[in-house]
2 protein chains.
Amino acid sequence: MPPTTRPTSRDVAREAGVSQATVSLVLGGKWRGRVSPATADAVRETALRLGYRPNLAARSLRLGRTRTALLVVPALTNEYFARVHTGAARVAAAHDFGVVLYPSPEGVGPARDPFGSARAALDGVIASSMAADALAAISGETAAAPRTAGGPGGLPLVMLDSDPAQSGAAATVNLDLASGMRQVTGHLAALGHRRIAHIASAVDSWTFRVRRAAFDAATRDLPGAVVTRRTAALSVEGGLRATHDALTAPGARPTALVCDDDVLAAGACKAARRLGLRVPLDVSVTGFDDLALATAVEPELTTVRLPADEAGARGMAALLAVIDGLSPQQADLPVELMIRGSTGPCPVEPR
Amino acid sequence: MPPTTRPTSRDVAREAGVSQATVSLVLGGKWRGRVSPATADAVRETALRLGYRPNLAARSLRLGRTRTALLVVPALTNEYFARVHTGAARVAAAHDFGVVLYPSPEGVGPARDPFGSARAALDGVIASSMAADALAAISGETAAAPRTAGGPGGLPLVMLDSDPAQSGAAATVNLDLASGMRQVTGHLAALGHRRIAHIASAVDSWTFRVRRAAFDAATRDLPGAVVTRRTAALSVEGGLRATHDALTAPGARPTALVCDDDVLAAGACKAARRLGLRVPLDVSVTGFDDLALATAVEPELTTVRLPADEAGARGMAALLAVIDGLSPQQADLPVELMIRGSTGPCPVEPR
DNA sequence: CTGTTAGCGCGTTCAA
DNA sequence: TTGAACGCGCTAACAG
């Protein structure tokens, strides 16, 4: 019995009494008409018996491709990105690709270098919802190098939920966030709300800038609208504080709170309740994303469902297309307003 | 200018006017007294200028090691595992290791084979809180192969939050879940609760079996305790249904609900409130894990804080030790009861 | 139909 | 102090 070393294709060849090339052909599945069925069966049987598994490093080196994509996300604690990963992994698996996840450093995260840290040879990169500075760090990672192709390290790059005008991306997959924000404000307007506060994420990324712009545009067209805005750290606590400020500011109190995120909305509900306000009787609250959190809290949040899974899948499909030299189709993914219990008619005498 | 191909160490050598070996020595950092400082500087400058980055596939092939570990988790949508990853990645980065995440198929997840899907050559595996069957699927992945070392594919395996008696693991890192459950029941007992329902996870994994056993042991020693149990799918909805059943079952209604998980606890609170019961005035609820959800809901959940980050860190440290041929230290990580608003004194006339 | 050969890019050994 | 040569395991091309 050979010691702890794993069997190589050479071992299989020797054991089966054939050449290495034959083993490669058989296990590679392209032996039709090149190797006799009997030999092929013998090779497969031997490989199985020996527990042979190809050395991926050697294969990658020989092929020059790894069939591996890197998915860069700002944070893993957010369920949204977990769903993006799920979708991307599903499409990747269907094309015999792998996905390696790289949670971009938030605070004292992993090393700064995705390509050193995500210790894998990569065929392409997908980046989702990256903050401006984090994105710059990734794009600039090989700034000294001649930027041959679009992405970092000369790799094909697909951006998700990011500025389409961003340089370097071979493709961009976006959600129709503006539509989502319009649906939110439309819903609130139909309920009679006019004094609306926007609890905005303090994160400086494209996705939140779009939400802000869409909110502004939608409320601008709303006659009699009185709009305020507070920015908040992207957490329950952050949402709570910003909302407290918004609700206790001098002047007429808002009757509706439009939050950039379900997490902020959860904080908003807490703040409202601590001020003795009932949701949605005294104040309506909306979220964004439709995380599990949205239905975990009470009342359940009216929010915008983002097809995270689909975005990940589209992103991976686009990346695969780019790798194959094709130009991927581009279209914004539709979003859907989920009307639940956290919104209601504007109170008649709110003050 | 050479076309789109990335520069190799040979290119750097040629450009700097030295040999490949010199480049390797310099960039490998072990040139002290072997290469002149001037040459070393020239090599580094050239490498930077050309944007040279070593081919990881070639390096892995040559070295036989990849400095990469696989982290297998049951699901990414749970913040707990995100934190495990964070901790593991932090320790890994400090040792120049990478971490590749493999979310084990839940439902229609990625491919069944972690080693095909996580397309990377691996030095070791960490598996966290795996359900019995999922673990078997992974362990059996190379069942036909001679099981040389402990883990799958003959790789060093460290188990997190899993049965220490599990065969195949070179080390196990666990949380003191039993203590956590004792603290929960002790807390409720001190508040006067005697009729206690256990809302248990339906997932068949060691971590939940431990919680169940600890709950049973703790309540067994509680004089006058009346204990019931409902199992629930691991979701808000699942917790809601199981709790509804527990609260509407014939006989005296429980005054306290001990949930296996914060998500279940959130569902429990919803169920209680829908039955017109106030939390914690009419019924107390406890969670487990201390996810962000615990403080997002209202009232905030009394729960057991699990040091997920620390568990991941310890797991990675243990794996690195095993890889280095050392035997890692083993000790259960302490957990902490976080007393918040979802628990209160037992109502005096509960019926 | 099968076997032989060559080389992917790297790190290491040996010789100069 | 440096360069030349070798081989890790695999697959694509060619030779038999």
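Values in this document were obtained by computation on a predicted structure and should not be read as measured data. Per chain, numbering begins at 1; letters A, B, ... match sequence-line order.
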So which protein N/O to nucleotides 12-14 of chain C N/O distances come out below 3.5 Å?
from, atom 1, to, atom 2, distance (Å)
C/dT12, O4', B/Arg62, NH2, 3.3

- Query: Which of these nucleotides, C/dC1, D/dC10, D/dT2, is closest to any side-chain atom of A/Pro54?
  - Reply: D/dC10
Send over the distance from [X] [atom1] to [N] [atom2], rounded to a whole Å.
| X | N | atom1 | atom2 | answer |
| --- | --- | --- | --- | --- |
| B/Asn55 | C/dG11 | CG | P | 10 Å |
| B/Arg67 | C/dC10 | CZ | P | 18 Å |
| A/Leu27 | D/dG9 | CG | P | 16 Å |
| A/Arg59 | D/dC8 | CZ | P | 19 Å |
| B/Tyr52 | C/dC10 | OH | C1' | 7 Å |
| B/Trp31 | D/dG3 | CH2 | C1' | 19 Å |
| A/Leu61 | D/dT11 | CG | P | 11 Å |
| B/Arg10 | C/dG7 | CZ | P | 10 Å |

- Starting at the 5' end of DNA chain C, which residue's closest nucleotide do you reach first, A/Ala58 or A/Ser36? A/Ser36
- Message: Using modelled atom types and a 3.5 Å cut-off, is there a donor and acceptor pairing between side-chain atoms of B/Asp324 and backbone atoms of B/Leu326?
- Response: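 Such a contact is absent between B/Asp324 side chain and B/Leu326 backbone.
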Looking at side-chain heavy atoms only, is the closest gap between [X] and [Y] below 4.5 Å?
| X | Y | result |
| --- | --- | --- |
| B/Trp31 | B/Ser36 | no |
| A/Val91 | A/Leu320 | yes |
| A/Ile126 | A/Leu70 | no |
| A/Leu71 | A/Val100 | no |
| B/Val99 | B/Thr68 | no |

- Between A/Glu15 and A/Thr46, is any side-chain donor less than 3.5 angstrom from a side-chain acceptor?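 Their side chains do not contain a donor-acceptor pair, so the 3.5 Å distance test is not met.
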- Query: Between the side chains of A/Asp123 and A/Thr66, does any donor sit under 3.5 Å from an acceptor?
  - Reply: yes
- Would one find more than 12 heavy atoms of other residues, nucleotides or ligands at under 6.0 Å from atom CD of B/Gln329?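 Counting neighbours around CD of B/Gln329, 12 or fewer heavy atoms of other residues, nucleotides or ligands fall under 6.0 Å, so no.
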- Query: Tell me, what's DNA chain D's dot-bracket, Watson-Crick or G-U with both distances under 3.5 Å, | for other-strand, [ ] crossing?
  - Reply: |.||||||||||||||
- Item | Residue met sooner reading DNA chain D from 5', once A/Ala57 and B/Ser19 are mapped to nucleotides | B/Ser19
- Closest nucleotide of DNA chain D for B/Thr39 versus for A/Val23: which of these residues is on the 5' side?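 Final value for this comparison: B/Thr39.
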